[in-house]
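Keep in mind that this is a model prediction, so the values were computed, not measured. The residues of the chain are indexed from 1 along the displayed sequence.
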Amino acid sequence: MHNRFLQLAAPGVRDLHPYQPGKPISELEREYGISNSIKLASNENPLGPSDAALTAIREASRQIHLYPDGNGYELKQALAAKHGVPLEAITLGNGSNEVIMLAAETFLTAQDEAIYSQHGFAAYPIAVQAIGATARVVPALATDSAMPRGDDLAGFAERVNAKTRMVFIANPNNPTGTWLEAEALRAFIRSLPDKVIVIVDQAYFEYNLGADYGDASAWLSEFPNLVVARSFSKAYGLAGLRIGYCLSHPDVASLMNRVRLAFNTSVLAQAAAIAALQATDYLEKTRQINDSGLASLSDFCTRHGIPYSPSRGNFLLIDVQRDAMPVYEKLLRAGIIVRPVGGYGLPECLRISIGLPDEMERLMAALPAVLDLS
Ligand SMILES: *Cc1c(COP(=O)(O)O)cnc(C)c1O
């Protein structure tokens with residue numbers, strides 16, 4: 001539709017498409033007149049919030065007439081102890097989405113180039129385009145490769161030039177679930193000119209990621225140009241509170257702090273995050289449910305000849321080998337919300353978040369009919 005203010009918008013904003021979130025359960029039930037539906041669409045923790053976080057929120061709610069600590073001192077203390085970094089290395093954000101945006105606002109200009117993968121996380125193209133910088137998009141690895149639709153580090157390296165200012169890598173990536181092995185990623189970062197800021201987005205870090213996976217926060221002393229983003233939205237179960245952070249060289253954090261809005265993380269989010277860091281049983285259960293759900297869905301796909309990208313996240317990208325929208329619609333009618341990913345250039349795929357065992361059973365019971373499998 002024509003927008004009468006289009007010509008007034010900043011050039012990058014004119015071509016921007018808003019982020020398409022997963023359909024909320026309430027909207028589905030309203031539109032289809034059904035009940036008892038389940039949402040496997042937004043990579044949320046199916047266990048619900050931890051008791052520790054709920055208790056902390058109740059306690060902190062007595063303080064909501066006050067502005068939050070704009071510096072987030074107590075949460076930063078807890079994170080500094082956890083990661084063995086100084087407080088000055090930490091930047092808190094309204095979700096890790098915000099720290100990704102802050103990094104881009106701090107370092108990118110319309111004259112610069114930024115590199116990310118073809119099916120890379122949606123926040124990267126939005127950040128780069130909003131600033132009007134030039135995106136260099138790396139074609140994904142082939143569907144018949146060992147890491148179907150994954151990030152091609154050689155392709156990233158080929159696109160680095162004098163104008164490159166930022167590189168964005170999600171490990172594992174959303175929506176593909178694909179990952180990069182520690183040594184390959186580390187060697188790539190080492191190969192970058194030190195004037196290139198590299199964001200390694202580890203939103204799924206708290207899941208079981210395998211022995212070949214690397215903790216990028218351990219590389220910060222080696223790479224002053226590295227920014228490691230983490231989230232409380234996934235394994236920590238706090239997506240609705242909006243809290244995330246990044247670790248970087250203190251000088252990088254100090255620049256990002258100039259751009260950050262004063263009270264970007266709330267009283268409740270800060271308190272819940274501190275408590276979530278202590279909730280080790282909840283995290284353990286989260287991992288266990290994810291491992292078993294991911295294994296059973298992957299096995300199901302293998303048994304039924306449904307191709308998928310191997311995943312180390314809390315979701316699986318399946319290839320339905322036809323327009324995925326009618327499949328998505330049929331699942332909606334069965335009360336199951338999954339995520340179409342046409343916006344990621346994957347019109348024949350669906351991203352399915354790992355739910356509780358009975359939710360996975362319900363999905364796997366519905367899929368054969370929906371996909372006309374015998
Ligand atoms: C979910 C996700 C995020 C984060 O989200 P926030 O809720 O903003 O913390 C960041 N990166 C990737 C790759 C994700 O999948």
| task | Apply salt bridge (Lys or Arg N to Asp or Glu O under 4.0 Å) to Asp215 and Arg230, showing your working. | result | CA-CA 11 Å; Asp215 175 357; Arg230 296 282 177 87; 2.9 Å; yes

| task | Apply side chain to side chain contact (heavy atoms under 4.5 Å, CB included) to the pair Leu247 and Thr91, showing each step before the final yes or no. | result | CA-CA 7 Å; Leu247 305 173; Thr91 303; over 6 Å; no

| message | As a quick check of understanding, evaluate side chain to side chain contact (heavy atoms under 4.5 Å, CB included) for Glu74 and Ile274, giving each step before the final call. | response | CA-CA 8 Å; Glu74 282 180 46; Ile274 293 167; 3.7 Å; yes

| said: Does Lys234 form a salt bridge (Lys or Arg N to Asp or Glu O under 4.0 Å) with Glu44? I'd like the steps, not just the answer. | reply: CA-CA 6 Å; Lys234 308 288 159 63; Glu44 293 144 340; over 6 Å; no

| field | Candidate pair Lys39 and Glu359, rule salt bridge (Lys or Arg N to Asp or Glu O under 4.0 Å), full reasoning | value | CA-CA 9 Å; Lys39 186 181 176 201; Glu359 295 173 326; over 6 Å; no

| message | As a quick check of understanding, evaluate side chain to side chain contact (heavy atoms under 4.5 Å, CB included) for Leu346 and His119, giving each step before the final call. | response | CA-CA 8 Å; Leu346 296 163; His119 308 307; 3.5 Å; yes

| task | Kindly indicate, with the supporting measurements, whether the criterion side chain to side chain donor-acceptor pair (under 3.5 Å) is fulfilled by Tyr32 and Glu27. | result | CA-CA 9 Å; Tyr32 287 68; Glu27 186 181 305; over 6 Å; no

| said: Determine whether Leu180 and Phe188 satisfy the following criterion, side chain to side chain contact (heavy atoms under 4.5 Å, CB included), listing intermediate values before the conclusion. | reply: CA-CA 11 Å; Leu180 294 163; Phe188 167 72; over 6 Å; no

| query | Can you check side chain to side chain donor-acceptor pair (under 3.5 Å) on Asn257 and Arg260, steps first, answer last? | reply | CA-CA 5 Å; Asn257 194 45; Arg260 185 180 64 83; 2.8 Å; yes

| Test log, rule side chain to side chain donor-acceptor pair (under 3.5 Å), inputs Glu29 and Ser37 | CA-CA 7 Å; Glu29 298 194 338; Ser37 39; 2.4 Å; yes

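Remark: the Thr164 side chain and the Glu113 side chain contain no N/O donor-acceptor pair separated by less than 3.5 Å. The closest side-chain donor-acceptor pair between Asn173 and Thr176 falls under 3.5 angstrom. If you check the side chains of Asn174 and Arg351, you find a donor sitting under 3.5 Å from an acceptor. A donor atom on one side chain and an acceptor atom on the other are not found under 3.5 Å apart for Asp299 and Ser296. Looking only at atom types and distance, the side chain of Asp291 has a donor-acceptor partner in the side chain of Asn208 under 3.5 Å away. In the model, Gln202 has no side-chain atom that pairs as donor or acceptor with a side-chain atom of Asn171 under 3.5 Å. Defined by atom type and a distance below 3.5 Å, a donor-acceptor pair is present between the side-chain atoms of Tyr124 and Asp201. For the residue pair Asn314/Tyr207, the side-chain donor-acceptor check at 3.5 Å is satisfied. Using a 3.5 Å distance cut-off with no hydrogens or angles, the side chains of Asn43 and Tyr204 do pair a donor with an acceptor. Judged by distance alone, the side chains of Lys76 and Asn71 do bring a donor and an acceptor atom under 3.5 Å apart.
At a threshold of 4.5 Å between non-hydrogen side-chain atoms, the residues Leu297 and Leu363 count as touching. Looking only at side-chain heavy atoms (C-beta outward), Asp152 and Pro139 stay at 4.5 Å or farther from each other. With contacts defined as side-chain heavy-atom distances shorter than 4.5 Å, the pair Ile57/Leu241 qualifies. When side chains are defined from C-beta on, Arg322 counts as touching Asp372, because their heavy atoms get closer than 4.5 Å. You'll find the side chain of Val227 stays beyond 4.5 Å of the side chain of Val200, heavy atoms only. Using a 4.5 Å cut-off on side-chain heavy atoms (C-beta onward), Leu255 and Asp251 make no contact. Side-chain contact between Pro148 and Pro310: present, with at least one pair of heavy atoms (C-beta onward) separated by less than 4.5 Å. In this structure the side chain of Phe315 never reaches within 4.5 angstrom of the side chain of Leu40, judged on heavy atoms.
More than 12 heavy-atom neighbours from other residues, nucleotides or ligands sit within 6.0 angstrom of CZ on Phe263. In the displayed structure, Ile34 atom CD1 is contacted under 6.0 Å by more than 12 heavy atoms of other residues, nucleotides or ligands. Applying the 6.0 Å contact sphere to CD of Gln77 captures more than 12 heavy atoms from other residues, nucleotides or ligands. Heavy-atom neighbours of Asn36 CG from other residues, nucleotides or ligands within 6.0 Å: at or below the threshold of 12. Under a cut-off of 6.0 angstrom, the local environment of CG in Asp194 is sparse, with at most 12 non-hydrogen atoms contributed by other residues, nucleotides or ligands.
Under a hydrophobic clustering in which Ile, Leu, Val, Met, Phe, Trp and Tyr are joined whenever their side-chain heavy atoms come within less than 4.5 Å, directly or via other members, Val370 and Leu373 fall into the same cluster. Hydrophobic clustering keeps Ile169 apart from Met166 (ILVMFWY residues linked when any side-chain heavy atoms are closer than 4.5 Å, directly or through intermediates). Taking hydrophobic clusters as Ile, Leu, Val, Met, Phe, Trp and Tyr residues chained together by side-chain heavy-atom distances below 4.5 Å, Tyr213 does not share a cluster with Ile199. Hydrophobic clustering, with ILVMFWY side chains joined whenever heavy atoms are under 4.5 angstrom apart, groups Met256 together with Val128. Residues Trp219 and Leu79 fall within the same hydrophobic cluster, defined by Ile, Leu, Val, Met, Phe, Trp and Tyr side chains chained together at heavy-atom separations under 4.5 Å.
The six-membered or imidazole ring of Phe232 lies near that of Tyr245, with a centre-to-centre distance under 6.0 Å.
In this structure, the side chain of Ser231 engages the main chain of Ser233 through a donor-acceptor pair within 3.5 Å. Under a 3.5 Å cut-off, the side chain of Asn94 and the backbone N or O of Asn264 do form a donor-acceptor pair. Side-chain atoms of Lys163 never come within 3.5 Å of backbone atoms of Thr134 as a donor-acceptor pair (strictly under, hydrogens ignored). Distance alone, capped at 3.5 Å, is enough to place a donor-acceptor pair between the Arg362 side chain and the Ala334 backbone. Formation of a donor-acceptor pair under 3.5 Å by the Arg339 side chain with backbone atoms of Ala41 is found in this model. At least one donor-acceptor pair under 3.5 Å links the side chain of Arg14 to the backbone N or O of Gln7. Checking side-chain atoms of Ser298 against main-chain N and O of Leu294 turns up a donor-acceptor pair under 3.5 Å.
Shortest non-hydrogen contact noted between Gly150 and Thr178 is CA-OG1, 3.4 Å.
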